[in-house]
Amino acid sequence: MIQKVIAINKSNNAWVLPLLMLPIWVLIYWNLQPMADFLTESVFNLQSGSHLTESIRFLIFEVPKVLLLLVLIIYFVGIVRTYFSPEKTRRLLEGKSLFTGNILASLLGIVTPFCSCSAIPLFLGFVEAGIPIGVTFSFLIAAPMVNEVALVLLVGLFGIKVALIYVVTGLLVAILSGWLIGMFKLEKYVADWVFQVKSGQGDSEEEKITFTDRIHSGYKAVKEIVGKIWIYIVLGVAVGAGAHGYVPEDFMGALLGDQNWYSVPLAILIGVPMYSNAAGIIPIVSVLMEKGVSLGTALAFMMSVIALSLPEIIILKKVLKWQLIAIFVSIVALGIVMVGFIFNYLM
Amino acid sequence: MDIKVLGTGCTKCKNLEKATREAVAELGVEATVTKVEDMLKIMEFGVMTTPALVVDGKVVSKGTLLKVDEIKKLLTQQ
């Protein structure tokens, strides 16, 4: 009898540790400001009020704050993602009408595990299942643009309002761009060999995942993602901390403030060739905004860096003819321009 | 045993090939490890996330970079 209980505990206790960690997490998170104050003023013995002190205080406060938020959110998203897979997403999208398909594809883009290195097999898999390319594009635009890392950094550095605006407008860009691409019936600009793809085994069977495996996936996601991006966050926030005290406010306002109509297209022109993930770019953008760049321009810049990039275009070139790539880039860029203008002029 | 690593040029794919070879060597089993980079051939296995591992024609893992121990476990199960 006792042995039986122990056996049950053993297989189901994976959630205990994370649950115990949660209060510790909360405790640290809510005491970051006093800890940063204590470190700067008492341990490093710095004079309060000087530029250097404030920069260091900012750094000591922001880096752990963002990292703590990342660990928590990536952990949960890692668990949630085990309930989704590209195969399931494909099944959900099969036979959906154009507009509904676009909405669903964009939303699934957020939760389906996706890595840009798998963009091609995923594209092929979707096309082979008869999913319209417009719907496929909605997925391919939303998946890298709206993700948990971007969300955490936006909440941490800009607040919840900007984060929500980014998510909603990002989804709208993905939905509408995909829908437009679908309306134009551009299948003829997909490389011919794509339609010859025949997958031999069809859906390979889903493995059975236990709850313990799902919890474990959370750990794995944290280790993999935070392990890869922490350095960008430290560097990005350090640049921000440096600029915090030294670069004059309004430094960028003249060029990229909301007074100039060309600030949004200019930001996108700079943003497209740049290749960075959300972790690298968002801390930088938070500095830009502090120095006078308007919200619309900042959003447009972030979206163009994250959603449109040369490496991605080169990958897509394998399956798309250049006409479709040009249309894809222009439509998405146009959508981002609209987002920029709307927030510069209406907000 | 016929082992195939499916994946294009990404780092994860290369690392999976390396880990697979290591696993095979550590187990000391008779096996051929080949890397499949042709997209049409990869798609024949119905895989949408790379890298993927195929043992004797059956997809045993996809979308993750497995550790050597995990590959050993998969190989001994076959």
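Reminder, nothing fancy here: chain letters follow the sequence lines and each chain counts from 1.
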- Message: Quick check on side-chain contact (heavy atoms from CB on, under 4.5 Å): which of A:Pro113, A:Pro121, A:Ser118 does B:Thr49 satisfy it with?
- Response: A:Ser118
- Just wondering, are more than 12 heavy atoms of other shown residues or ligands nearer than 6.0 Å to NZ in A:Lys185? no
- Query: Is the CZ atom of A:Phe76 crowded by more than 12 outside heavy atoms at less than 6.0 Å?
  - Reply: no
- Sort B:Lys67 into side chain, backbone, both or neither according to what part of it lies under 4.5 angstrom from a heavy atom of chain A. side chain
- Might you work through the side-chain contact (heavy atoms from CB on, under 4.5 Å) test for A:Glu128 and B:Met48, ending with a clear yes or no? CA-CA 11 Å; A:Glu128 203 237 335; B:Met48 278 199 283; over 6 Å; no
- Contact residues of residues 11-36 of chain B (partner chain A; heavy-atom separation under 4.5 angstrom): B:Lys12
- Message: Quick check on the interface: out of B:Thr64, B:Thr50, B:Leu6, who has the most heavy-atom pairs with chain A under 4.5 Å?
- Response: B:Thr50
- Item | OG1-CD1 distance between B:Thr8 and A:Ile315, expressed to the nearest 0.5 angstrom | 7.5 Å
- Note on the structure: Rounded to the nearest 0.5 angstrom, the CE-CZ distance for B:Met43 and A:Phe123 is 11.0 Å
- Note on the structure: So, the part of A:Phe126 with a heavy atom under 4.5 Å from chain B: the answer is both
